[in-house]
Amino acid sequence: MSFSNSVLQLEMEKAFEYLDKAREVASRGVDVISFGIGQPDTPTPEHIREAAKKALDEGFTGYVSPPGIPELREAIANYISEFTGAGDIKPEEVIVTPGGKGAIFMAIASYISPGDEVIVQDPGFPAYECTVRYAGGKPVFIPLKEEEGFRLTPEAVQEHITPKTKMIILNNPHNPTGSMCTKQDIQGILEIAKENGIIVLSDEIYDHFIYEGQFHSVLEDPDWRDYILYLNGFSKTYSMTGWRLGYIITNAKAIERLTVFAVNNFSCVTSFAQKAAVVALTGPQDFFKEVLAEYRRRRDFTVEAFNSLPGVRVLKAPATFYLFPNVKEILEQTGMTTEQFSLKMLEEKGVVMPPGVPSFPLKAGEGYVRVSYVQPIERIKQGVERLRQGIEELLEKA
Ligand SMILES: Cc1ncc(COP(=O)(O)O)c(C=O)c1O
C-alpha cells in the first residue's frame, strides 16, 4: 500500500509535535508552561455558543449549501466589505471552508500545477509550502529579515519572480514573526503581481490583532477580483479554533469552481457551526476590545521580559500574538542548534517554545524561537524566570 507522491509531500506541523512533547513532559508531573500554542486562551463568546446550541436544538443538522449557508456568505460579504474598506463584496464572491487551513489547501490545490513557482515567506506557516509541493509546485522562499522587521517587501518579491511564478502567498499580519506590511509594501507587491499576471493568496487571519500602525488589506485594491484569493477565518478573532470555520473571497466565477472542489472534498461545512458564525459577525463586537487590550499588555510585558534574558533579543512585533526572539548569541556560546535549545528548555525547565527551524519550516528561522503570549501575565512571568535559570545554566557551562 504505497502512498502517492503528492501525499508524501505533506509533513506534520512541528508546532503540533511540540504540543505532544509537552504533554509527554507534563505526564511526568512537570508543570509545563507553553509559549507554543497558536490559539487564544479565551473561550468562544457566549452569544456565539448559544447560537450553535439553538441551531442544534432547532434541528439544523443536515447537509447545507456547499459554498456556505446564504446568511453566512452574506454576513461575511458585509463584514469584510466594511472591515477592509472593499465596500461591495457580494455573497456569491464568498465560499465557506473547514477552517483557514481548509481554505489554504483549496486555494493552492485549485490553482497550482506541476512546475508552477509559488513565492512563500520564510519563516512561514508550514501548510503553505508543503501544500504547494503536494500540488507539484515549487515553493520559492523569501527570507524575512529581522532588520526589516520581518516584513515582506516589494523589492524582495521582485528579486524572486520568474516567468514561472504563478502565485505569491502573503501572510499579513505574519505568523510566526508578528510583523505587518506597510501600505506601500502591499501596494508594491500587488503592483508586481498585476504586472506579471500572478495570483496573490492573502492570508489575513490575524487582521484584528493589531497593536501599532494601520493594517491594510489586499482588498483595498479595487481590482481584487482579477487576481486575489483573500483568506480569513473565525479561529483567532472569535476564539473558534475547534469550530473549523474559514473562508475565501474572490470573483464569483472562481467561487463556482472552488465550490466544485468543496463538493468533492467535504460537501459542506458543519451546518450549526455556520449559524454560530453568522452571529459572530453580526452580533456585538465589543468583547474583542478587552481581548485586544489584554493581548497588548501581554505583548508589552513579554517583549520587556524576553529582552531582559541573557543572549536574547526580541522586536516589539506590531501584530498577531506571536514574538520571534533571536537566540543566536546563546547558540553561538553553547554550540547548540535552535531545536536543541528548544528541547533543552522543554525537558529541563518545562517551557515550550517551538524552534524557528524546523517548525516554520525552512531556513531563515534558524537562531529564532516562536513565543505565543496567549496566557495570563503571571504565567508568562513564571515561564520567563524558568528560561532565565535555564539560559544562565547553559551559559555557565559553555
Ligand atoms: C497564518 C495562519 N493561517 C491559517 C491558520 C489556520 O487557521 P484555522 O484554525 O482556521 O485552520 C493559522 C493557524 O494557526 C495561521 O497561523
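Sequential numbering from 1 along the given sequence is applied to the chain's residues. We count ligands from 1, going down the list as the structure has it; atoms in each ligand are counted the same way.
A donor-acceptor pair shorter than 3.5 Å cannot be found between the side chains of Tyr373 and Tyr322. With 3.5 Å as the limit, one finds a donor-acceptor pair spanning the side chains of Tyr368 and Glu146. In this model, no donor atom of one side chain and acceptor atom of the other lie less than 3.5 Å apart for Asn251 and Glu93.
Scanning the protein for heavy atoms near atom 10 (O) of ligand 1, the closest one is Gly100 N, 2.6 Å. Residue, atom and distance of the protein heavy atom nearest to atom 7 (O) of ligand 1 are Ile205 CD1, 3.5 Å. Nearest protein heavy-atom neighbour of atom 4 (C) of ligand 1: Asp203 OD2, 3.4 Å. The nearest heavy-atom contact from the protein to atom 11 (O) of ligand 1 is Arg244 NH2, 2.7 Å. Remark: minimum distance from atom 12 (C) of ligand 1 to any protein heavy atom is reached at Phe125 CZ, 3.4 Å. For atom 16 (O) of ligand 1, the nearest protein heavy atom (residue, atom name, distance) is Tyr206 OH, 2.6 Å. Among protein heavy atoms, the minimum distance from atom 14 (O) of ligand 1 is reached at Lys236 NZ, 2.7 Å.
The aromatic rings of Tyr238 and Phe234 sit tilted relative to each other, their planes meeting at an angle between 30° and 60°.
The nearest non-hydrogen atom to atom 9 (O) of ligand 1, considering only Gly102, Gly246, Ser235, comes from Ser235.
The Asn171 neighbourhood of ligand 1 comprises atoms 1 (C), with distances under 4.0 Å to a heavy atom of that residue. Every atom of ligand 1 with a heavy atom of Tyr128 under 4.0 Å away is listed here by number and element: 1 (C). Of all the atoms in ligand 1, the ones that sit under 4.0 Å from a non-hydrogen atom of Gly99 are 10 (O), 11 (O).
Under the 6.0 Å cut-off for aromatic ring centres, Phe288 and Phe209 qualify, their centroids lying closer than that. Aromatic pair Phe141/His160: ring centres not closer than 6.0 Å.
Residue Tyr322 places no N or O, backbone or side chain, under 3.5 Å from any N or O of ligand 1. The N/O atoms of Thr241, backbone and side chain alike, include none that comes under 3.5 Å of an N/O atom in ligand 1. Between Gly38 and ligand 1, no pair of N/O atoms sits closer than 3.5 Å.
Contact annotation for Phe234 and ligand 1: no heavy atom of the residue comes within less than 4.0 Å of the ligand. Residue Gln39 does not touch ligand 1, judged by heavy-atom distances below 4.0 Å.
Rounded to the nearest 0.5 Å, atoms CD1 (Ile249) and CD1 (Ile89) are 4.0 Å apart.
Here the rule is side-chain hydrogen bond (donor to acceptor under 3.5 Å, both in side chains) with Glu385, and of Arg388, Gln382, Lys381 only Arg388 fits it.
Side-chain atoms of Arg386 and Asp31, non-hydrogen and from C-beta on, do get closer than 4.5 Å to each other.
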For this session: Start with the C-alpha distance between Lys54 and Glu50, add both sets of side-chain angles, then the distance that settles salt bridge (charged side-chain N to carboxylate O under 4.0 Å, His left out), and finish with yes or no.
Result: CA-CA 6 Å; Lys54 182 163 172 277; Glu50 286 305 324; over 6 Å; no
